[in-house]
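The structure appears right after this line, and notes come after that.
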Amino acid sequence: MTANQMNGAEMVIKALGDQGVDVVFGYPGGAVLPIYDALFMQNRLRHILVRQEGGAVHAAEGYARSTGKVGVVLVTSGPGATNAVTGLTDALMDSIPLVCLTGQVPTHLIGNDAFQEADTTGITRPCTKHNYLVKDVNDLARVLHEAFYVARSGRPGPVVVDLPKDVLFAIGTYLAPEQVEPRKSYRPKTDPDPARIAEAVDLIINAKRPLFYGGGGIINSGPDACKLFGELVEMTNYPCTLTLMGLGALPASDKRYLGLVGMHGTYESNMAMHGCDVMINVGARFDDRVTGRVSAFSPNSKKIHIDIDSSSINKNVRIDVPVIGDAGKVLEALISALKAKRFSPDKTALSKWWKQLDEWRKRDSLHFDQAGPIIKPQYAIERLYQLTKDRETYITTEVGQHQMWAAQLYKFEKPNRWMTSGGLGTMGYGLPAAMGVQIAHPDALVVDIAGEASILMNIQEMSTICQYRLPVKIFIVNNQYMGMVRQWQELLHGGRYSESYSESLPDFVKLAEAFGASGLRASKPEELDDVIKQMLAIPGPVIVDVAVDQKENCFPMIPSGAAHNEMILGPSDKQSGGSVSEEGMVLV
Amino acid sequence: MSDIERHTIAVLVDNEPGILARVVGLFSGRGYNIASLTVAEVDSANSLSRITIVTEGTPMIIEQIKAQLSRLVPVRVVHDLTEEGSTVERELVLLKMAGTGEKRIESLRLADIFRARVVDSTIESFVFEVTGSAEKLDAFINLMKPLGLVEVSRTGVVAISRGAAAI
């Protein structure tokens, strides 16, 4: 056999190697056994054995988000593939590059309702950027290389390659990545149209109340794009707000940073969104969690929208100047165009605007009172931040109140340090994601800020964490409620806490020990610092169970169906701003 | 709503398994409307198919539909024929007429006016073939209803722009 002749399973391993993959998250099963056999016979590619396929996909997401590389998943047919669906959807919503290899029954059995057969390409078509069913081993190398290209280029996303078992056994010809011609139908546009840059520059120069609104697109574009973004913010001295996906795109310590925007964003961010006259959206998508009521969204601004995906333009909000392209390239073009015009901001208008922004900042909308013997959840996160900020720290979260408090209170100085499920809001994301982050950064501190309800959704991955001795720290903000559900029930459903209280929670300290990890508990404010320090001192995985105030709600909050200037600032503020409209009630 | 527009969109795609499901899934998943959809391979050497979609929506929705279609990996180009100028749109229909006597003769007379061809006949039935705009076919079908129309099969609209410019 010549060197480029091999069976399909060997081709998979070779293609992953040629794509620079060093780790695969997976779970074996009948249909992918040939690949696991090929894995066994080599030692270049590392395989991390998860405990459920859903964990593999989130782990790969964590790996991808913290490195900027493509995350790789390997699962079997049928239930292996269907378990991966949530993670794939999550990656699609948050534009995370993944390649997910799924086993499939042999081609002659497809359609026969064979054992562990599922229509994987059919099921995953709406939740992937693209997917493939490979029926001929001679297509396999091309498809795999193309899958990686599609996953990481343009607006990144998950790609599924479905591999029937007979194709994995069949002998065929391998092609190297450079031998594969890019397909004509997929040529993402990354360079901006100069005419649009000129229009955008015009608006930026003449702005009186400008605002940068940065999102995950900057982070996806890479650390260089983040630097350019910081440069643009600095040279203009314009204020900047970031989305949940964009945290870290601008250092939180930058004095022009106003904080998180949107439903649980800061007062100053949301008021600035409402009051600006030129909005410069860089790599964000006017998500409903950011816009609130669209008809009342930033009513008096001209909007520049920089996005690599033309379908994001005018999807939710009418745009004045769309700029299609890669965030880094667009920012570079904007900066050089501004320099060429010898740009200097309108100082009078800008200082007036900053005066207003500073007024709003004085409301101190993230303020909380740590009084009394019960730990406030915000205090727990604030202390965690203070005690970990000087380390090389990566934060993942689950979904709910703790996630929003973390987004508000944990300050990120660098991109790729914050991994959270934004678009899909997947409870159970944080633990496996932390696992993937720790695999990519073995020496870094990785903390999953969790809620006690979310953590139970993928708690089986503790077993993986212990198997690979990953020193992940799980920081559970435990209020015994599905806190965000309880908050909405309080605000919208007359305090009828239907099914949002968790009976029979495990003893998380014993649970940690049962898995072979360490467990710690804090129930009083004065214990907290010590417990966090202990957590940091333990070299292995730790679960920290922090008992917090059960009744605390996450503020500020833009109620569903309300506008940015109708925020609720705190529990005593229900009447001043937004009561929830009937229209708002039906929104999620 | 008053600003609903009807657009005919031509999409050239790589002819591969699942492409039609991708397009149809996009429309159903995002709640867009399909008034008519036709698909066939048009270039076998390059394995290209052409999908013609007639859809309705506000200008913002029509723009979204085009952007979402363009985003699909196997889609080569998307052309909004309605927006790009004058087009020729045609549809073909097969109608089955059953019956005898005066109605049968009347239907043949009308068929002549519409340039319908008889492509099958028995003592008690005809199959007509008619091409034309969707409106013409609607008119013909309505005329045939009282004259013994028992079955209709329509192709959906195919369209092409007028003039020398090509996709």
Side-chain angles (χ1 to χ4, degrees), chain A residues 89 92 95 107 110-111 119-136 139 142-143 146-147 149-151 153-162 181-189 285-286 294 305 307-319 322 324, chain B residues 1 3 5 7 9-32 34 39 41-51 53 55 57-80 83 166-167:
Chain A
T89 313
L92 183 72
S95 308
T107 46
I110 289 178
D119 175 9
T120 301
T121 46
I123 289 168
T124 60
R125 202 171 282 128
C127 66
T128 52
K129 181 172 174 184
H130 194 53
N131 65 13
Y132 304 85
L133 169 63
V134 183
K135 286 188 165 171
D136 179 346
D139 290 335
R142 179 187 58 78
V143 166
E146 191 176 290
Y149 176 63
V150 169
S153 60
R155 179 176 178 175
V159 176
V160 162
V161 183
D162 203 22
E181 252 187 77
R183 69 192 287 170
K184 289 187 179 124
S185 64
Y186 180 73
R187 301 277 164 91
K189 178 174 150 52
R285 60 182 176 93
F286 294 103
V294 174
H305 189 177
D307 205 299
I308 200 159
D309 178 2
S310 63
S311 77
S312 290
I313 308 292
N314 289 331
K315 184 167 67 181
N316 304 328
V317 167
R318 178 58 70 190
I319 299 305
I324 310 292
Chain B
M1 272 201 283
D3 59 345
E5 298 174 355
H7 283 237
I9 297 169
V11 190
L12 272 186
V13 300
D14 288 341
N15 185 11
E16 61 181 35
I19 177 59
L20 189 57
R22 247 176 249 287
V23 170
V24 172
L26 170 65
F27 275 73
S28 64
R30 294 190 181 265
Y32 306 143
I34 299 178
V39 55
E41 190 171 69
V42 290
D43 178 352
S44 59
N46 291 305
S47 192
L48 283 180
S49 288
R50 180 168 172 135
I51 303 177
I53 305 165
T55 184
T58 62
M60 211 157 156
I61 293 290
I62 299 286
E63 187 189 334
Q64 266 296 299
I65 290 173
K66 289 183 278 182
Q68 293 289 353
L69 283 168
S70 306
R71 201 157 84 116
L72 297 176
V73 171
V75 167
R76 294 271 183 110
V77 285
V78 176
H79 281 266
D80 185 340
E83 198 173 83
I167 288 181

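Proteins come first, then strands; the chains are lettered A, B, ... in the order of their sequence lines, and each starts at number 1. This is a predicted model, so every value here is computed, not measured.
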If I compare all heavy atoms of [X] with all of [Y], which pair ends up nearest, and what's the gap?
X	Y	value
B/Asp14	A/Arg183	OD2-NH2, 2.8 Å
B/Val73	A/Ser185	O-OG, 2.5 Å
A/Arg125	B/Ala21	NH1-CB, 3.1 Å

**Study point:** Whether over 12 other heavy atoms sit under 6.0 Å from A/Lys184 NZ
**Key:** no
Practice item. Calculate, to the nearest 0.5 Å, the distance between atoms CZ and CZ belonging to A/Arg187 and B/Arg76 respectively. Key: 8.5 Å
Is it the backbone or the side chain of [X] that comes under 4.5 Å from a heavy atom of chain B, or both, or neither?
X	answer
A/Asn131	both
A/Arg318	both
A/Ser310	both

Give the member of [options] that has the highest number of heavy-atom pairs under 4.5 Å with chain A.
options	result
B/Lys66, B/Gln68, B/Arg22	B/Arg22
B/Glu16, B/Met60, B/Glu63	B/Met60
B/Pro74, B/Gly25, B/Gly29	B/Pro74

Study note, to complete from the structure: Greatest number of non-hydrogen atom pairs under 4.5 angstrom with chain B, of A/Asp309, A/Thr121, A/Leu133, falls to A/Asp309
